[in-house]
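See below for the structure under consideration.
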Amino acid sequence: MDKTTNSISNIRVRFAPSPTGYLHIGNARTALFNYLFAQKTKGFLILRIEDTDRERSSGEYEQSIIEDLKWIGIQWDEGPDTDGHFGPYRQTERIEIYKEFAENLLKEKKAYYCYCTKEEIEERNKQSSIEKKAGYDNNCRTLTEQQAGKYIKEGRKPVLRLIVPEKTLVVYDLVRGKVEFNTSLINDFVIMKSDGIPTYHFAVVIDDLLMEISHVIRGEDHLSNTPKHILIYEALGKQTPQFAHMSMTLGSDRSRLSKRHGATSVRAYKEEGYLPEAFFNYISLLGWATGDDKEIFSREELINEFSIEKCSKVNAIFDPKKLLWLNGIYIRKEKPLKIFQASMPFIKQAGILDDVLKQSQETIEKIITLQQERIKTLKDVPALIEFFVKEEIEYKKEDIEKFSEGTIKNMLKNLLNELTNIEFKHEILEDSVRKFCEQNNLKTSDIFHPLRVAVTGRIKGPGLFEAMEVIGKEKVLKRIENFLSY
RNA sequence: GCCCCCAUAGACUAGAGGUUAGGUCACCACUCUUUCAAGGUGGUAGCGCCGGUUCGAGUCCGGCUGGGGGCGCCA
């Protein structure tokens with residue numbers, strides 16, 4: 001995660017989650033785009049924890065977000081878990097810094113204390129129904145010292161509000177182009193809460209400033225808040241970074257991605273057996289595309305091809321089906337041994353670990369190779385390899401009934417004798433079973449299907465003879481005998 | 001209510017005035033095949049609506065409609 005200081009780029013971007021839950025898919029995509037941009041430009045990615053909401057933030061969530069980012073393969077150059085010259089990277093550890101900036105704004109009369117309670121503001125809003133202006137009425141901007149003194153005596157703890165000058169603000173957004181705002185619609189907003197903690201708007205600006213962030217790449221939900229941020233930069237007499245507001249990720253009904261749409265956290269997909277590479281690739285496709293028709297990208301290709309200009313302004317719907325398809329693509333491309341290793345948690349979970357560990361690595365690799373094209377997610381692995389590794393298999397009642405007809409059983413019995421005498425190589429097996437069918441005037445399917453059920457306990461699966469070879473002579477013969485006993 | 005953003009099939013998108021509107025997922029059919037899967041081939045399906053500019057509009061402009069976002073002592 002370190003980068004030497006001889007980097008020529010002074011591009012610095014950040015991903016700034018608040019640790020109030022697991023890493024959300026939408027946030028993961030924002031993180032990914034920041035990562036890709038940093039990599040592409042040889043810049044720096046900073047991870048900053050925005051934990052000023054003390055009610056909802058927790059260290060566990062911070063940890064889980066870090067784990068999930070790492071799982072996806074997003075690496076950062078500076079953050080709470082690494083060294084860096086712009087720390088601390090956790091907002092609650094920066095409270096004194098914000099206070100200092102706030103006090104300066106107060107001194108310069110660019111901000112003021114407000115003693116109003118929520119109730120008082122609401123009440124006044126109701127009274128002035130002519131102007132249906134929502135929010136704060138800038139009441140305390142013109143508070144006399146006398147009035148202020150009275151409030152202080154009452155023991156009221158004030159918030160600090162920024163004086164919002166009336167003007168037109170222009171955001172030159174890298175994704176959306178020129179966007180104009182009229183600040184007359186913005187009320188003097190809170191920058192420091194009454195408990196001395198900065199609000200999001202204030203902390204974000206101070207941090208981006210001090211951490212020398214050059215490009216703020218974030219979700220479109222922050223576009224409307226950007227004028228507030230610019231106002232703070234201006235009050236501080238500082239230049240703004242560049243802004244890029246990415247489209248949002250929505251659920252299947254075009255509403256915000258929520259529990260109703262299924263899994264919304266990165267962690268859930270990890271636990272469902274998705275490969276991080278596939279996930280990485282899939283979310284990069286949401287709101288971004290190259291001019292050609294390419295969709296499958298390695299990490300390096302993605303970094304190489306990425307550009308903010310190619311980012312779409314249109315909100316994208318998260319489609320689990322396409323992710324599933326892409327996951328299959330990655331699984332089929334992966335080395336069998338890698339798939340096996342990645343499936344270990346699921347194998348353990350399924351309770352077949354002991355049987356699996358009895359197999360040689362070679363056998364395991366053969367099994368995975370045979371089933372690879374059937375694996376959609378790693379979670380499928382136990383069910384697909386189970387009948388290879390288990391000593392005994394169980395049959396479904398319906399399958400037994402289907403193939404319990406006397407002639408079939410007799411044929412299988414005869415075949416069993418044949419199999420006893422041959423070498424268990426799939427070519428040889430196939431050869432002799434086909435010959436057996438011919439000699440007995442049977443269609444191959446008359447024997448293939450019952451044989452598959454007898455040997456694997458299933459009506460579908462990989463090539464029958466390849467499977468038999470891997471399962472091994474001893475087990476196969478035993479299984480057929482067992483099947484015949486029903 | 002006010003402000004901001006957006007609009008190509010069910011979904012993700014290509015398209016920067018002249019295209020038979022291209023690709024991918026999903027869906028359907030066919031094919032390969034001992035089953036399933038994977039693969040191959042083909043198919044259904046789209047420029048939200050109304051005006052304007054232009055010889056010509058998916059593409060430019062305006063309006064409408066629709067969707068999303070913001071207006072917190074949440075971030």
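Everything numeric in this text was worked out from a predicted model, so none of it was measured. Here is how names work: the chains are called A, B, and so on, in the same order as the sequence lines, proteins then strands, and each is numbered from 1.
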Would you tell me if any nitrogen or oxygen in the side chain of A/Arg256 comes within less than 4.0 Å of OP1 or OP2 on B/rG67? no

Compare side-chain N and O positions of A/Arg374 against OP1 and OP2 of B/rU35 and report whether any pair is under 4.0 Å apart. no

Counting the benzene-type ring for Trp, do A/Tyr200 and A/His222 have ring centres under 6.0 Å apart? yes

Within this structure, what is the CG-to-C1' distance between A/Asn187 and B/rG72, rounded to whole angstrom? 11 Å

With a 6.0 Å cut-off on the ring centroids, do A/Tyr274 and A/Tyr282 count as close? no

Counting side-chain heavy atoms from CB outward, which of B/rC73, B/rC25, B/rC4 is closest to A/Trp325? B/rC25

What's the closest nucleotide to the side chain of A/Tyr200 if the choices are B/rG69, B/rA75, B/rC6? B/rA75

Taking any heavy-atom pair under 4.0 Å as a contact, classify A/Val159: base, sugar-phosphate, or nothing. base

Length of the CD1-P vector between A/Ile368 and B/rA38, whole Å: 17 Å

Integer-rounded Å distance: B/rU35 P and A/Leu384 CG: 18 Å

Between B/rC4 and B/rG22, how many Å separate the two P atoms, rounded to a whole number? 37 Å

Spacing between A/Lys333 atom NZ and B/rG39 atom C1', to the nearest angstrom: 16 Å

Closest of B/rG69, B/rU34, B/rG22 to the A/Met248 side chain is B/rG69

Check whether the ring centres of A/Phe243 and A/Tyr172 lie less than 6.0 Å apart, and answer yes or no. no

What's A/Cys437 touching, base or sugar-phosphate or nothing? Going by heavy atoms closer than 4.0 Å. nothing

Give the nucleotide from the list B/rG70, B/rC5, B/rA75 with an atom nearest to the side chain of A/Arg176. B/rC5

What is the nucleic acid contact for A/Gly287, judged by heavy atoms within less than 4.0 Å: base, sugar-phosphate only, or nothing? sugar-phosphate

Name the nucleic acid region contacted by A/Thr444, choosing base, sugar-phosphate or nothing; use a 4.0 angstrom heavy-atom cut-off, strictly under. nothing

State which of B/rU34, B/rC2, B/rC25 makes the closest approach to the side chain of A/Leu185. B/rC2

Tell me the closest heavy-atom pair linking A/Lys409 and A/Leu484, and the distance in Å. NZ-O, 3.3 Å

Give the nucleotide from the list B/rC25, B/rG68, B/rC73 with an atom nearest to the side chain of A/Lys322. B/rC25

Answer with base, sugar-phosphate or nothing: what part of the nucleic acid does A/Gly291 contact at a heavy-atom distance below 4.0 Å? sugar-phosphate

Roughly, in whole Å, what's the span from CH2 in A/Trp288 to C1' in B/rG15? 17 Å

Of A/Asp53 and A/Glu430, the one whose nearest nucleotide on RNA chain B sits closer to the 5' end is A/Glu430

As its Watson-Crick or G-U partner within any shown strand, both distances under 3.5 Å, B/rU41 has B/rA29

Contact class for A/Leu464 vs. all strands (heavy atom < 4.0 Å): base, sugar-phosphate, or nothing? base

Classify A/Phe189 by what it touches in the nucleic acid, base, sugar-phosphate, or nothing, heavy-atom distance under 4.0 Å. nothing

Which whole number of Å gives the distance between the P atom of B/rU20 and that of B/rG10? 24 Å

With a 6.0 Å cut-off on ring centres, are A/Tyr136 and A/Phe189 close enough? no

Take atom C1' in B/rC27 and the same atom in B/rA45, then report the distance between them in whole Å. 10 Å

Distance between the P atoms of B/rA11 and B/rG67, in whole angstroms? 14 Å

Please tell me if A/Arg218 has a side-chain N or O lying less than 4.0 Å from either OP1 or OP2 of B/rG69. no

Would you indicate what A/Lys376 reaches in the nucleic acid, counting non-hydrogen atoms under 4.0 angstrom: base, sugar-phosphate, or nothing? sugar-phosphate

Is A/Lys228 near enough to B/rG70 that one of its side-chain N or O atoms lies under 4.0 angstrom from OP1 or OP2? no

Within the 4.0 Å heavy-atom criterion, would you say A/Ile459 contacts the bases, only the backbone, or no part of the nucleic acid? base

Whole angstrom value for the distance that separates P of B/rA37 from CZ of A/Phe387: 15 Å

Ranking B/rC4, B/rA38, B/rA75 by distance to the side chain of A/Arg332, first place goes to B/rA38

For B/rA11, does either OP1 or OP2 sit under 4.0 Å from a side-chain N or O belonging to A/Arg254? yes

Any side-chain N or O of A/Arg161 below 4.0 angstrom from OP1/OP2 of B/rC73? yes

Could you go through A/Thr226 and A/Arg218, starting from their C-alpha distance and side-chain angles, then the distance that decides it, and tell me whether this counts as side-chain hydrogen bond (donor to acceptor under 3.5 Å, both in side chains)? CA-CA 11 Å; A/Thr226 305; A/Arg218 60 186 10 168; 3.3 Å; yes

Consider the side chain of A/Lys321, meaning its heavy atoms from C-beta on, and name the nucleotide among B/rA75, B/rG68, B/rC25 that approaches it most closely. B/rC25

Which of the following nucleotides, B/rC12, B/rA38, B/rU35, is nearest to the side chain of A/Glu373? B/rA38

Assign each of A/Thr52 and A/Glu295 the nucleotide of RNA chain B bearing its closest heavy atom; nearer the 5' end lies the nucleotide of A/Glu295

Sugar-phosphate only, base, or nothing, as touched by A/Glu180 at under 4.0 Å among non-hydrogen atoms: sugar-phosphate

Proximity to the side chain of A/Arg452 - top-ranked nucleotide from B/rG23, B/rC12, B/rU35: B/rU35

Between A/Tyr89 and A/Trp76 (judged by ring centroids, cut-off 6.0 Å), do the two rings come close enough to count as a pair? no

How long is the gap from CG on A/Leu384 to CD on A/Glu373, to the nearest 0.5 Å? 11.0 Å

For A/Pro227, which contact category applies under a 4.0 Å heavy-atom criterion: base, sugar-phosphate, or nothing? nothing

B/rA75 pairs with, by Watson-Crick or G-U criteria that keep both distances under 3.5 Å: none

Look at A/Lys310 and B/rG15 and indicate whether a side-chain polar atom (N or O) is within less than 4.0 Å of OP1 or OP2. yes

Does the ring center of A/Phe465 lie less than 6.0 Å from the ring center of A/Phe448? yes

It should be established whether A/Lys294 places a side-chain nitrogen or oxygen under 4.0 Å from OP1 or OP2 of nucleotide B/rA14. no

Using a distance-only criterion (donor-acceptor N/O pair, under 3.5 Å, no hydrogens), is the base of B/rC73 paired with the side chain of A/Thr199? no

Which value, in whole Å, describes the distance between the C1' atoms of nucleotides B/rC73 and B/rG68? 27 Å

Who pairs with B/rC49 - Watson-Crick or G-U, where each distance is under 3.5 Å: B/rG63

Measuring only the P atom in each nucleotide, how far is B/rG69 from B/rG51? A whole number of Å is fine. 32 Å

Students often get this wrong, so: under 4.0 angstrom with heavy atoms, is A/His201 touching a base, only sugar-phosphate, or nothing? base

Can the ring centres of A/Phe318 and A/His261 be said to be less than 6.0 Å apart? no

